[in-house]
Amino acid sequence: MYQAPRGTQDILPADRPYWRYVTEAMHQVAGLFGFQQIDTPIFEETGLYVRGVGEGTDIVDKEMYSFQDKGGAEVTLRPEWTAGVMRAYIEHGMHVWPQPVKLYSMGPIFRYERPQAGRFRQHHQFNVEVLGEMDPAVDLEVMSVAWTLLTRLGYRGLHLQLNSTGCPVCRPAYRQALVAYFAQYEDRLNDVDRRRLTINPLRLLDSKEEAAQPLLDAAPHSADYLCEECATHLATLRTYLDAAGMQHSINFRLVRGLDYYTKTVFEVWAEGIGAQAAVCGGGRYDRLIEELGGPPTPGIGFGMGIERVIASLRQQGVQPPPLPAPRVQVSPLGEPARVAAITLVRDLRAAGIGALYGFGGRSLKSQLKGADKAGVAYTVILGDQELADNVVIVREMATGEQARLGLPDVAPWLRTRLG
RNA sequence: GUGGCCAUAGCUCAAUAGGCAGAGCAUCUGGUUGUGGCCCAGAAGGCUGUGGGUUCAAGCCCCACUGGCCACCCCA
C-alpha cells in the first residue's frame, strides 16, 4: 500500500478550517503593514541555496532535496524562502523600486530531516522580508508583523527572544572569545559539543548537553562584544520595541543556524509543539544580497512555520471559524423529479445559494439523513407529486417545519431566509 | 545521521500463557407507500505494515525493511 512519503502529510478537509483561519490572517496582517506578496519557484538552481544559505550549514550539507533534471541542471526543492526572494529582488531590479521593498510569501518548504513533533520534511512557511533599509525601525516592523499576527490569532503566553550576533566587524572577536572560553573546559565537554567548538562555536550556546549547562551562564555574551554600530542598532531597536509595547527578553544564547544573519536575530516561542518551541524565527542579513551578486542591500526577515502555528493553536484550544458550506439540499424523488432538480440546483447556485444535489435515487429518509449530516439549513423536497403541481416542499431542518412553494419562488424565498 | 517506544477494520482500541481475529465509533440498508437527529436490527469492512525465520501451530517469539511517535542533531 502506498503511503505519503516520510515526513509529509495530507491536509484533510477537517484540518482546513485551521489552515484557512491562519493563512487568511497572514494575508490580512501583511496587507495591514503594506507588504506585497511574492511567489518564487518551488525549486531553484542548487547553487543559489549553497551560496545563499551557506556551505557548512546543516540545511545545505545534509537536508536539501537536490537532483538533476532531465536537461542536466542541478536543482533543489526550496529549503527556505529567503534566498529565492533575494534572487528575485536582484533579477527584477527591485533596488530601483521605492525602498524599502516589503515582501511576503507563503508556501511549502522541503528539508530532508528526521520527522518528530513539529518537524516535517515538507512544511509550510509564512515568510516576510524587508529589503533596502538599515533603520532599526524596520527590524521592529518585521517583528511587529509576527507579533500582531500571533496575537490576532488568539495566542497567549508568547515570548519574543532577541539577540544580536554582530557583524563582520565585531563577530570574529566574539567568536574568538567564545572559543577561548570553552577551550579551557574542553575536558568537561562531551563529543557533540567538542565538535561544535571547532565547527560552529556559536551553537555551543544553544547546547542541550547536560555537561555544558554549568558553563553556559558564565560564557561571554555577544552583547559585550558588539561594535559601536551594532550596539547602537540593538539599543535603538529595544527602545522601539518598548514603545510598541512588545515584551521581549535578550537571550544571549539565541544563535541561528543560517550563516547569513548579521546584527538582529529573534525567535518567537509558543507552547504545545514538543521540543520545537520556535514558531517563528528570523533576523537581519545585511550582506546576503551582495553575496548573491546584487548591489549592497540590507535586509531583514523571518519565517513562520504554519504547521507549528496550527499545532500550538490547537493545543491552546483556539477554535477556528467554520468554513462556509452549502445551506440547502435538493432531494428529488423519482426520475422526472431528478431531472427537474438538476435545473433547480443550477438556478440556486446561480443565485449564489450553496446547494447540494441528492444523488443516487435514494429514499427520502436516506436523503434527509444525508442532509442532516451535511448540516444544511433547508432541504428542498421535489417529488413527482410536487412536480405535477409545479411546487416544492421546503423543510427547515432545525424545526422540521415545512412550506409548499411554487418552483420559481424557491430561490428568492431561500435568499431572504439565508441572508 | 544517533537513540527509545510503537505498528490489528476508515478511526480509537481489545484478543489469558503462542491455539478458530473482536468491540465501540464511522459507512450502507432496513424498522409499512415520501420525512433527518434518539433508539433498535442487519450488512459490509482484515493477507494483523512488508518480507523472511522459529514452531504441529504466530496478531503474539526472532531478524530485516518500511512507516509513525518522541528525543538528540538542526530548524519553522
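- Distance check on atom C1': B:U8 versus B:A23 gives 13 Å, rounded to whole Å.
- For the OP1/OP2 pair of B:C75 and a distance below 4.0 Å, the side-chain nitrogens and oxygens of A:R114 include no atom meeting the criterion.
- Of the possible polar contacts, one joining the A:D15 side chain to the A:L12 backbone as a donor-acceptor pair under 3.5 Å is found.
- A:F120 comes within contact range of at least one nucleobase, with a heavy-atom separation under 4.0 Å.
- Screening A:I342, A:L348, A:L356 for a side chain to side chain contact (heavy atoms under 4.5 Å, CB included) with A:V330, the sole residue that qualifies is A:L348.
- The residues A:R203 and A:D206 are annotated as salt-bridged, a charged nitrogen and a carboxylate oxygen being separated by less than 4.0 angstrom.
- Side-chain N/O atoms of A:Q385 and base N/O atoms of B:G34 include a donor-acceptor pair closer than 3.5 Å.
- The distance from atom CG of A:N190 to atom C1' of B:G3 is 14 Å, rounded to the nearest whole Å.
- Both A:G305 and A:Q402 lie close to RNA chain B; mapped to their nearest nucleotides by heavy-atom distance, the more 5′-ward contact belongs to A:Q402.
- Nucleotide B:C75 forms no Watson-Crick or G-U wobble pair with any nucleotide shown, as no partner meets the under 3.5 Å limit on both distances.
- A:E386 comes within 4.0 angstrom of a nucleotide base, judged by non-hydrogen atoms across all strands.
- OP1 or OP2 of B:C72 has at least one side-chain nitrogen or oxygen of A:Q116 nearer than 4.0 Å.
- Across all strands shown, B:U55 forms no Watson-Crick or G-U wobble pair with both key distances under 3.5 Å.
- Taking the C1' atoms as reference points, B:U48 lies 10 Å from B:C60, given to the whole Å.
- Residue contacts for A:R362: at a heavy-atom cut-off of 4.0 Å it reaches the sugar-phosphate backbone alone, with no base atom in range.
- Base engagement by A:E113 is indicated by at least one non-hydrogen atom pair under 4.0 Å involving a base atom.
- Using bins of under 30°, 30° to 60° and over 60° for the plane-to-plane angle, the ring pair A:F266/A:F302 lands in the perpendicular bin.
- A:Q122 and A:Y65 share no side-chain donor-acceptor pair at under 3.5 Å.
- Counting non-hydrogen atoms under 4.0 angstrom, A:E63 reaches the backbone sugars and phosphates but no base.
- Residue contacts for A:K365: at a heavy-atom cut-off of 4.0 Å it reaches a base atom on one of the strands shown.
- Distance noted for atom C1' between B:C62 and B:U55: 12 Å (whole Å).
- Taking 4.0 angstrom as the limit, A:R395 places none of its side-chain polar atoms (N or O) nearer than this to OP1 or OP2 of B:G36.
- B:C70 sits 29 Å from B:G52 when the C1' atoms are compared, rounded to a whole Å.
- Between the side chain of A:R203 and the base of B:C73 there is no donor-acceptor pair of N/O atoms closer than 3.5 Å.
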> Can A:L237 and A:K263 be said to form a side-chain contact (heavy atoms from CB on, under 4.5 Å), step by step?
Replying inline: CA-CA 11 Å; A:L237 171 57; A:K263 292 193 172 69; over 6 Å; no
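- Across all strands shown, A:I381 has heavy atoms under 4.0 Å from base atoms, whether or not it also approaches the sugar-phosphate.
- A parallel orientation is assigned to the rings of A:F252 and A:H221, their planes being inclined by less than 30° (bins at 30° and 60°).
- The partner of B:G22, taking Watson-Crick or G-U wobble pairs whose two distances both stay under 3.5 Å, is B:C13.
- A:R111 has no side-chain polar atom (N or O) that falls below the 4.0 Å cut-off from OP1 or OP2 of B:C75.
- At the heavy-atom level, A:T379 lies nowhere under 4.0 Å from the strands shown.
- Look at the P atom in both B:U33 and B:C47: the space between them is 40 Å, to the nearest Å.
- Residue A:G7 is classed as a sugar-phosphate contact, given heavy-atom separations below 4.0 Å to backbone atoms only.
- Of the possible donor and acceptor atoms, none in the side chain of A:R121 sits under 3.5 Å from a partner among the backbone N and O of A:T8.
- Heavy-atom distances to RNA chain B give each of A:A4 and A:Y112 a nearest nucleotide, and the one nearer the 5′ end belongs to A:Y112.
- Between the CH2 atom of A:W269 and the C1' atom of B:A76 there is a distance of 14 Å, rounded to whole Å.
- Annotation: B:G45 and B:C28 have their C1' atoms spaced 11 Å apart (nearest Å).
- B:A64 is paired with B:U50 under the Watson-Crick or G-U wobble criterion, all donor-acceptor distances under 3.5 Å.
- Contact annotation for A:G370: no contact, since no heavy-atom pair falls under 4.0 Å across all strands.
- Put simply, A:K373 has no side-chain N or O that comes within less than 4.0 Å of OP1 or OP2 on B:A26.
- Considering only side-chain N and O atoms, A:R196 lies under 4.0 angstrom from the phosphate OP1 or OP2 of B:C74.
- For B:U29, one of the phosphate oxygens OP1 or OP2 lies less than 4.0 angstrom from a side-chain nitrogen or oxygen of A:S366.
- With C1' as the reference atom, B:G37 and B:G4 are 47 Å apart, rounded to whole Å.
- The residue A:I306 sits apart from the nucleic acid: no heavy atom pair falls under 4.0 Å.
- Here the separation of B:G1 from B:C75, taken at their C1' atoms, is 15 Å to the nearest Å.
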